[in-house]
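Only one structure is covered here, and it is reproduced in the block below.
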Amino acid sequence: MLRLSKIFSRLSVIPLFLLLSGCNLVVMDPSGDIAMQQRDLIIVSVVLMLIIIIPVIFLTLYFAWKYRQSNKEATYEPEWHHSTRLELIIWSAPLAIIIALGAVTWISTHQLDPYRPLDRIAAGKPLSADVKPLTVEVVALDWKWLFFYPEYDIATVNEMAAPVDRPINFKITASAVMNSFFIPALAGQIYAMPGMETKLHAVINHPGEFQGLSANYSGAGFSHMRFKFHGVNQADFDQWVQKAKSQGTKLGRPEYLALAKPSEREPVRYFNAVDDGLYNAILNMCADPSKMCMSEMMHIDAKGGAGKESHENRERLIYDNQNTSSAEITPVKAEGGAGHTMQHGDNSMPGMDMGNGSSSDSSTGSAQHQGH
């Protein structure tokens with residue numbers, strides 16, 4: 001019976017391997033050149049580390065077996081404390097591995113820099129000078145993805161396509177919450193942040209339908225924040241563009257503001273015309289005409305600020321609190337903002353919304369009064 005139980009316990013492991021065989025290990029079997037290079041980097045790094053790990057595990061088990069208490073033939077030297085030869089082996093091997101990993105990391109960090117334009121389509125296939133990259137502007141919304149194709153004046157929701165072997169220049173931002181743009185078959189993840197633009201240069205080398213997703217938790221609808229990426233030939237890409245133009249509607253600022261409201265499981269949508277400068281307005285957090293653009297704010301700051309009149313811009317500078325209407329925001333008095341002086345330990349600025357509907361002027365003034 002004991003022997004049969006051992007046999008059954010070993011056979012019970014077989015279903016686990018069958019389940020694992022159905023896993024889609026797309027990171028280790030990608031379809032884009034950048035993702036392939038990243039996969040190779042993972043393999044090289046693991047192999048280099050295993051050069052140390054495997055001998056250490058083997059020797060640990062070997063020493064435990066050889067110097068077990070019942071082995072009377074093993075050498076017993078309780079006074080042993082040093083061996084120069086052993087020290088050289090113990091320290092030189094890890095040092096060589098660290099040097100090799102450092103060199104690989106240094107080279108790959110520059111070669112796979114997402115901001116670095118591509119110089120090849122695939123291994124042994126350099127990029128031709130006459131190939132024009134495809135520009136795609138990506139916006140992470142709650143909880144969906146919006147893609148602009150400025151070259152074709154179209155936009156899509158939760159679906160994108162690109163021709164095989166044509167470089168793609170991604171420009172990536174977010175509307176409100178930090179996300180992470182990730183197509184495992186194409187390249188590594190790149191953060192999408194409001195008011196900022198990140199970049200990614202990549203290329204798809206094999207046709208197919210691939211999954212894209214957000215790799216950074218961003219709220220209740222995060223689990224369903226996925227999209228389809230189609231790698232197609234040029235003719236099929238042209239047909240896809242025509243499909244977007246024929247089935248799409250106009251995307252202006254009012255339509256974008258409605259789209260930007262939180263929603264889950266958003267279906268694929270197409271837009272056949274996009275307002276000029278809409279992506280830049282989203283990037284500058286002023287798609288809502290009542291908001292001040294980040295670029296305008298930075299220009300004012302570069303000129304030394306707006307002085308006492310800056311309190312008038314307060315409502316135009318509130319971007320983050322999406323659940324607060326302008327009626328709920330306490331207005332700032334001009335004399336309060338103008339007469340405020342920063343003190344040690346004062347972590348607020350005049351007119352700053354403290355999150356409870358009150359401004360920092362009243363709280364700061366109270367603190368100053370108590371200090372006198």
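Here the closest heavy-atom approach between residue Ala35 and residue Pro30 is recorded as CB-CB, 3.4 Å. Taking both residues in full, the closest heavy atoms of Leu186 and Ile34 are given as O-CB, 3.9 Å, listed atom of the first, atom of the second, then distance. Smallest separation of non-hydrogen atoms from Trp143 and Ser218: NE1-O, 2.9 Å. Across all non-hydrogen atoms, the minimal contact from Leu134 to Pro163 is CD2-CD, 3.9 Å. Here the shortest heavy-atom pairing between Pro167 and Val203 reads N-CG2, 4.2 Å. Across all non-hydrogen atoms, the minimal contact from Asn169 to His201 is OD1-CD2, 2.8 Å.
Separation of the Phe227 and Phe182 ring centroids does not fall under the 6.0 Å cut-off. Taking the six-membered ring for Trp, Tyr76 and Tyr67 have ring centres at least 6.0 Å apart.
Once rounded to the nearest 0.5 Å, the distance linking CZ of Arg253 with CG of Asp288 reads 9.0 Å. Rounded to the nearest 0.5 angstrom, Asn216 CG and Met225 CE are separated by 9.5 Å. Atoms NZ and NZ, on Lys144 and Lys261 in that order, are 10.5 Å from each other to the nearest 0.5 Å. Remark: Leu118 CG to Ile168 CD1 distance equals 9.0 Å, nearest 0.5 Å. To the nearest 0.5 angstrom, Glu266 atom CD is 10.5 Å from Glu264 atom CD. Atom OG in Ser31 sits 5.0 Å away from atom CD1 in Ile204 (nearest 0.5 Å).
Atom NE2 of His82 has more than 12 heavy atoms from other residues, nucleotides or ligands within 6.0 Å. Counting heavy atoms of neighbouring residues, nucleotides and ligands inside a 6.0 Å radius, atom CZ of Arg265 does not exceed 12 of them.
In this structure, the side chains of Ile183 and Gln211 stay at 4.5 Å or more apart for every pair of heavy atoms. With a 4.5 Å cut-off on side-chain heavy atoms, Val56 and Ile54 do not count as touching. For the pair Ile154/Val274, no side-chain contact is recorded, criterion being any heavy-atom separation below 4.5 Å from C-beta on. Residues Met297 and Asn284 form no side-chain contact, since every pair of their non-hydrogen atoms from C-beta on lies 4.5 Å or further apart. Put simply, the side chain of Pro207 does not reach to within 4.5 Å of the side chain of Asp236, judged on heavy atoms.
Residue Ile121 forms a side-chain contact (heavy atoms from CB on, under 4.5 Å) with just one option from Val164, Asp33, Leu127, and that option is Leu127. Of the candidates Phe170, Phe271, Trp240, Tyr149 forms a ring pair (Phe, Tyr, Trp, His ring centres under 6.0 Å) with just one, namely Trp240. With respect to Glu159, the side-chain contact (heavy atoms from CB on, under 4.5 Å) criterion is satisfied by exactly one of His230, Arg269, Glu209: His230. Phe148 pairs with exactly one of Leu251, Asp153, Val138 by the side-chain contact (heavy atoms from CB on, under 4.5 Å) rule, that one being Leu251.
A salt bridge does not link Asp29 with Arg39: none of the charged nitrogens is closer than 4.0 Å to a carboxylate oxygen. A salt bridge links Arg166 to Glu151: one of the charged nitrogens lies within less than 4.0 Å of a carboxylate oxygen.
Using modelled atom types, one finds a donor on one side chain and an acceptor on the other under 3.5 Å when comparing Asn179 with Ser214. Using modelled atom types, one finds no donor on one side chain facing an acceptor on the other under 3.5 Å when comparing Thr84 with Glu87. Lys171 and Thr135 share no donor-acceptor pair across their side chains, judged by distance under 3.5 Å alone. A donor and an acceptor atom, one from each side chain of Tyr152 and Gln242, are nowhere located under 3.5 Å apart. Counting only N and O atoms by type, the side chains of Ser83 and Arg85 include no donor and acceptor under 3.5 Å apart. Checking Gln189 against Ser180 by side-chain atom types alone, a donor-acceptor pair falls below 3.5 Å.
The aromatic rings of Phe147 and Trp145 lie parallel to each other, their planes meeting at an angle below 30°, with 60° marking the opposite boundary.
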